[in-house]
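Everything numeric in this text was worked out from a predicted model, so none of it was measured.
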Amino acid sequence: MAAPAPLRDRVYLLVSRIPPGSVATYGQLAELAGYPRRARFVGQALAAAPRSLGLPWHRVINAQGRISPRRGEGRRRDAESLQQRLLEAEGVPFVGGRVDLARHRWQPVVDAAWARAVAREAR
DNA sequence: GGTTTGACCCGTT
DNA sequence: CAACGGGCCAAAC
């Protein structure tokens with residue numbers, strides 16, 4: 001499975017705008033990209049994201065405030081602990097294995113142009 | 001070309 | 001809190 005190209009590219013743009021110390025959820029990004037209820041594809045997009053983009057991928061977690069479990073073994077599991085360490089290093093604490101979304105969720109300022117583009121294309 | 005497979009989410013039981 | 005079901009839908013097989 002792979003995310004549709006339009007969604008994928010918007011996700012990359014959105015993720016690149018998440019500031020240090022904040023986190024966004026998969027569903028939130030899908031919504032912002034104009035593709036509500038397509039949270040899974042956001043995960044797909046991130047899994048397929050080239051390292052060369054240098055995206056702050058670690059700032060994307062699931063709606064429960066937890067780091068989403070990777071399917072594979074070995075390196076993928078390492079990515080999970082790395083993600084937590086990167087976030088804690090930025091000042092995003094994990095309490096009981098979860099991030100307090102009410103406090104750390106990214107609240108982007110959506111400009112009028114973007115809102116219009118999304119409204120037009122989101123059918 | 002039908003089936004399986006996901007870095008997900010949410011309401012219900 | 002855990003389990004389940006339904007929504008989502010492009011690829012890989």
Side-chain angles (χ1 to χ4, degrees):
Chain A
M1 56 193 260
L7 169 57
R8 193 190 57 209
D9 294 337
R10 286 188 183 184
V11 166
Y12 294 163
L13 175 60
L14 285 165
V15 172
S16 72
R17 289 174 51 171
I18 305 174
S22 293
V23 295
T25 66
Y26 299 93
Q28 178 186 0
L29 293 177
E31 182 86 42
L32 287 170
Y35 289 79
R37 297 179 296 287
R38 247 157 284 187
R40 306 190 69 143
F41 284 167
V42 171
Q44 303 301 339
L46 286 177
R51 291 186 47 136
S52 61
L53 291 180
L55 294 177
W57 57 273
H58 58 283
R59 307 210 261 249
V60 184
I61 60 180
N62 64 32
Q64 301 166 48
R66 324 186 65 125
I67 290 175
S68 220
R70 308 313 197 252
R71 294 276 165 169
E73 318 254 333
R75 306 183 74 87
R76 305 190 181 188
R77 299 249 181 225
D78 295 339
E80 297 175 28
S81 56
L82 169 62
Q83 182 169 7
Q84 176 166 344
R85 278 187 286 110
L86 288 172
L87 286 175
E88 291 176 327
E90 300 186 337
V92 179
F94 280 72
V95 182
R98 300 187 306 103
V99 168
D100 183 349
L101 284 175
R103 249 165 89 84
H104 301 282
R105 181 195 290 270
W106 178 41
Q107 293 177 343
V109 177
V110 180
D111 56 70
W114 179 280
R116 239 181 294 116
V118 168
R120 170 158 28 84
E121 299 173 34
R123 202 135 343 216

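- The nearest whole Å value for the distance from the CD1 atom in A:Ile67 to the C1' atom in B:dC9 is 18 Å.
- Checked by atom type and distance alone, the side chain of A:Arg105 never pairs as donor or acceptor with a backbone atom of A:Arg103 at under 3.5 Å.
- Taken to the nearest 0.5 Å, the NE2 atom of A:His58 stands 10.5 Å off from the CG atom of A:Leu55.
- A straight line from CD of A:Gln28 to C1' of B:dA7 spans 16 Å, rounded to a whole angstrom.
- In this structure, CG of A:Leu29 is placed 12 Å from C1' of B:dA7, rounded to the nearest angstrom.
- In this structure, of B:dC9, C:dC9, C:dG7, it is C:dC9 that holds the atom nearest to the side chain of A:Phe41.
- Nearest nucleotide to the A:Asn62 side chain, out of C:dC9, B:dA7, B:dC8: B:dC8.
- In this structure, A:Leu46 atom CG and B:dG6 atom C1' are separated by 13 Å, rounded to whole Å.
- Checked against B:dC9, B:dG6, B:dA7, the side chain of A:Arg70 finds its nearest nucleotide in B:dA7.
- A donor-acceptor pair is defined here as one N or O able to donate and one able to accept, closer than 3.5 Å; no such pair exists between the side chain of A:Glu31 and the backbone of A:Gln28.
- Looking only at distances, a side-chain donor or acceptor of A:Arg59 sits under 3.5 Å from a matching main-chain atom of A:Ile18.
- Among the heavy atoms of the strands lying under 4.0 Å from A:Ala63 are primed sugar atoms or P, OP1, OP2 only; no base atom is included.
- Atom OH in A:Tyr12 sits roughly 12 Å away from atom C1' in B:dA7 (whole-Å rounding).
- The phosphate of B:dC9 has neither OP1 nor OP2 within less than 4.0 Å of any side-chain N or O from A:Arg40.
- Rounded to an integer number of Å, the gap from CZ of A:Arg105 to C1' of B:dC9 is 12 Å.
- Rounded to whole Å, the distance from CG on A:Leu7 to C1' on B:dG6 is 15 Å.
- When rounded to the nearest whole Å, the span between CD of A:Glu31 and C1' of B:dC10 equals 13 Å.
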